[in-house]
Protein chains: 2
Amino acid sequence: MTERNVISLDKIKVACRDCSLSALCLPMGLRPEDVDRLDAIVKRNRPLQRGDNLFRAGEPFRHLFVVKTGAVKTFTQTNDGDEQVVGFHLPGEVLGLDAIQDGLHGCSARALETTAICELPFERLEDLSSNIPSLQHQMFRLLSKEISHDAEMMALLGRSTAEERVASFLISLSERFKRRGFSATDFFLSMSRQEIGSYLGLALETVSRLFTRFQDDKILKVERKHVQIIDMERLRAMVTHQTDAERHRANPST
Amino acid sequence: MTERNVISLDKIKVACRDCSLSALCLPMGLRPEDVDRLDAIVKRNRPLQRGDNLFRAGEPFRHLFVVKTGAVKTFTQTNDGDEQVVGFHLPGEVLGLDAIQDGLHGCSARALETTAICELPFERLEDLSSNIPSLQHQMFRLLSKEISHDAEMMALLGRSTAEERVASFLISLSERFKRRGFSATDFFLSMSRQEIGSYLGLALETVSRLFTRFQDDKILKVERKHVQIIDMERLRAMVTHQTDAERHRANPST
DNA sequence: CGGAGATATTGATCGAGGTCAAAAAACTTC
DNA sequence: GAAGTTTTTTGACCTCGATCAATATCTCCG
C-alpha cells in the first residue's frame, strides 16, 4: 500500500528531516531536488492553540497552509448563526485551496488542538511552479485530489444513512492516519461529537448513539475521544458507496 | 454583476466567434492573445446524443472536456447497483478536473441531451501552461473554483431541508444560465426528477412535491421540464446557508 | 478540592421525508 | 393513433434521525 502521490518518499524523508518539509513533501509528492527551492519560501509559524483561527472566511488569501502536527477544522457560518464544518485537516494535509479562485477565503479554519502549521506564500509558489514543471504538475494533482475527495463526500452526504456516514468517516480517518505513519486502528478524535455531526450532516446525539452501537456490536472500542477499530471488515461492509476510483486504488490489478 | 473570472469578456467574444472557443474562454478567463495558442490544441468532436457516455469511471484520463451546448451529468455507481449523480455541467463548464490526480476518471459522464463538447488534451495544456503564466494561473483558478463549489455543495447536503436544497438547486441553475447569457428566470431542465433527487440527496417524489408546492405558492411556474422563476426573492429567502464568499460576491462593497 | 461550563450519553417523542403504490401524463415506436 | 415504456404526480403510511430533556462525565481554574 504505497502512497501513489509520493515520488521516492524515502529519499524525501532523508533529505528533509525537518518535519515541516516532510509535511510539505507528502501532499505534494515532490522530488528531492525541488525541495530545496521550496524550502526557501516556507514560513514557519509558532503553534496555534485549540480554538485559534488560522484564517477567517472573507479574509484575503495569501498562503497555502500545511498542517505539520495537530488538527484543523474548516467551517462556514449559516445565516442563522451556527457553524457548518466542511473539513478536517490532519498532519500533512493542505488548507486554503478553495481560496485561489478569487483570492478570498471561502471558509474559516480553526485549530482543534495544539497545531503546528507551515505557510506557503502562494504567489511565490505560482512563480516557482512556472519554472519547475514537476511542481506545477503536483499542484494540479493536489487540487484535483481535493476535488475527487469532495465528490466522494458529496456522494456520501447525498445518499447514505447515519450508520454509513459514521463508518465512512472512521475509515477515512483511519486511512489518513495510516498514510502518515500513525496507527490506523487506534487513534484520538480531536474533534467533538458536535463537529463530527456537523461535518456528516447528523445531530451530535446520532453520532454518539452510533459510537455506542458500534461498541456494543464489537466493531469499535470507544472511550470518549479515543477510538480503536476492532473489526475493520464489518466497518467497511457498512459502506455501500465505493467509487470506482476507490475500487481501483484498493485493487490496482483490475 | 460582472463575472469576476473573465478577463475582457467582450474582446474574447469578438476574437473567437466560434462558439467552441468562447466556451473555453469563459471558464478559463483567458486573454485574447492566449486564445490562439489554445486554439491549436482543441479537438472538436461530433455531438453526443442523449445517453451517450463521454467517459466512464476508471477509464484513463487524457482530456479535459468543455461543454459547448447541451448538458452533461457526472455520476458514480453505488455497490448496490444504482447511480449517484455528483454534478451537472452546462455550456461553458469544464469536466474531468477530478481525474488529474491519478490519471483515472473517478466518475462517469453522460449526455443529458444532444451535447457538443470540446476536448482539451491535458498534457499539452500542462505544457502550454508552463509557458503561459496566465494560463497556469487560470488553471489554478478553475480547479479552485471547483473546490469551493464542492464545499458549498457539501454544506448544502450537510444541513439543509428538502425545500432548501431544491431552492438552492434552482438558484444555482439560474445563475449559471445567466452567466452564459441565457435567461435566468425561464429555462428547461435537461435532467429528470430522479437525477435531481439523486444529486440533492432526495427521493424523486420529494423533488416533484416541492416543485408543485413552489408552484402553488406562486414562486415557480413548472410545466414538466420547463421552469419559470416567478419570485426569486422568496426563493432566495429559503436558503439559509450563504457562504461568506457568496455574500461578498453578491455585495463586494463589504 | 470543588464548583462552573463544556461535552457526552441516554431516553422519549415527533415530524420530514423515504418508500410503496397507483394513476396520469408524456414520449416512443410501429 | 394505439400500445408500450418512461417519467411525473399524488396519496397513504412508516421509519430514521432530529429535537427536547435529563443526567453523567470531563476539563478547567480559582
Side-chain angles (χ1 to χ4, degrees), chain A residues 49-51 71 73 78 80 82-85 110-114 156-169 188-217 220-227 238 240, chain B residues 49-51 73 78 80-85 110 112-114 156-169 188-217 220-227 238 240-241:
Chain A
Q49 296 307 314
R50 172 174 172 72
K73 69 172 171 182
T78 55
D80 46 44
D82 41 35
E83 76 181 41
Q84 158 88 21
V85 174
R110 184 174 297 164
L112 291 168
E113 56 185 295
T114 305
L156 184 72
L157 293 175
R159 320 184 348 110
S160 313
T161 63
E163 177 183 285
E164 190 171 343
R165 294 188 198 188
V166 174
S168 275
F169 174 69
F188 278 88
L189 305 173
S190 43
M191 64 295 282
S192 69
R193 305 287 190 260
Q194 168 80 264
E195 288 162 332
I196 297 172
S198 171
Y199 179 58
L200 296 177
L202 299 172
L204 67 96
E205 294 93 330
T206 306
V207 176
S208 176
R209 269 183 253 271
L210 280 163
F211 276 3
T212 51
R213 216 185 75 202
F214 286 172
Q215 169 142 269
D216 293 346
D217 293 353
L220 295 182
K221 204 149 175 300
V222 186
E223 196 168 338
R224 204 104 185 134
K225 304 206 157 184
H226 178 205
V227 174
M238 289 177 179
T240 69
Chain B
Q49 295 308 313
R50 172 175 172 73
K73 69 172 172 183
T78 55
D80 45 44
D82 41 34
E83 73 180 43
Q84 159 88 19
V85 174
R110 183 174 298 163
L112 291 167
E113 56 185 293
T114 305
L156 184 72
L157 293 175
R159 318 185 347 108
S160 313
T161 62
E163 176 183 285
E164 191 171 341
R165 294 187 198 188
V166 174
S168 274
F169 174 69
F188 279 89
L189 305 174
S190 42
M191 65 295 282
S192 69
R193 305 287 189 262
Q194 167 80 267
E195 287 161 332
I196 297 172
S198 171
Y199 179 59
L200 297 176
L202 299 172
L204 67 96
E205 293 94 329
T206 307
V207 176
S208 175
R209 270 183 252 270
L210 279 163
F211 276 3
T212 52
R213 216 184 76 202
F214 286 171
Q215 168 141 272
D216 292 348
D217 295 352
L220 296 182
K221 203 149 175 300
V222 187
E223 194 170 338
R224 202 103 184 133
K225 304 205 157 184
H226 178 206
V227 174
M238 289 177 179
T240 69
H241 193 116

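Convention: sequence-line order gives letters A, B, ...; per-chain numbering from 1. We use all heavy atoms of the structure for the numbers below, so side chains are in, but hydrogens, waters and symmetry mates are not.
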Item to check | Non-hydrogen atoms of B:S190 and B:E113 that approach each other most closely | outcome: CB-OE2, 2.9 Å
Checklist entry - Rounding to a whole Å, what distance do you find between A:F214:CZ and C:dA8:C1'? => result 17 Å
Item to check | Contact pattern, 5' to 3', of nucleotides 11-17 of chain D - B, S or - by protein heavy atom under 4.0 Å | outcome: BB----S
Next on the checklist: Heavy atoms from C-beta onward define the side chain here; which of C:dA8, D:dT10, C:dT10 lies closest to that of A:T212?
Outcome noted: C:dT10
Checklist outcome for this item: Heavy-atom nearest pair, B:L202 first then B:A162, reads CD2-CB, 3.7 Å
Next on the checklist: Could you walk me through whether A:T78 and A:Q84 satisfy the side chain to side chain donor-acceptor pair (under 3.5 Å) test, starting with their C-alpha distance in whole Å, then the side-chain angles of each, then the deciding distance to 0.1 Å, before giving a yes or no?
Outcome noted: CA-CA 7 Å; A:T78 55; A:Q84 158 88 21; over 6 Å; no
Checklist entry - Any chance the side chains of B:Q49 and B:T114 put a donor and an acceptor closer than 3.5 Å? => result yes
Checklist entry - How many Å lie between NZ on B:K225 and C1' on C:dA26, as a whole number? => result 11 Å
Checklist entry - Base, sugar-phosphate, or nothing for B:R165, non-hydrogen atoms under 4.0 angstrom? => result nothing
Checklist entry - For B:F188 and C:dC27, what is the distance between atoms CZ and P respectively, to the nearest whole Å? => result 10 Å
Checklist entry - Among the nucleotides C:dT7, D:dT7, D:dT8, which one has an atom lying closest to any side-chain atom of B:R50? => result D:dT7
Checklist outcome for this item: A:M238 and A:E164 have their tightest heavy-atom pair at O-CG, 3.5 Å
Checklist entry - Taking A:Y199 as the fixed residue, which of A:V85, A:V207, A:L157 is the one that meets the side chain to side chain contact (heavy atoms under 4.5 Å, CB included) rule? => result A:V85
Checklist entry - Between D:dT6 atom P and B:L204 atom CG, what is the distance in whole Å? => result 15 Å
Checklist entry - For the pair made of CG in B:L200 and P in C:dG17, what is the distance, rounded to whole Å? => result 12 Å
Next on the checklist: Using every non-hydrogen atom in the two residues, find where A:Q215 and A:V222 come nearest and quote the distance to one decimal.
Outcome noted: OE1-N, 2.8 Å
Checklist entry - What integer distance in Å separates B:L189:CG from D:dT9:P? => result 10 Å
Shorter than 3.5 Å, N or O on both sides, protein versus nucleotides 24-30 of chain D: list them out with atom names.
unit_1 : atom_1 : unit_2 : atom_2 : d
D:dC26 : O4'    : A:R224 : NH2    : 3.3

Checklist entry - What's the CZ-C1' distance between B:R213 and D:dT10, to the nearest Å? => result 15 Å
Checklist outcome for this item: note: B:Q215, atom CD; D:dT8, atom P; distance rounded to Å ~ 15 Å
Checklist outcome for this item: Here the pair of heavy atoms bringing A:L112 nearest to A:R50 is O-NH1, 2.8 Å
Checklist entry - Roughly how far, to the nearest 0.5 Å, is the CD atom of A:E223 from the CZ atom of A:F188? => result 9.0 Å
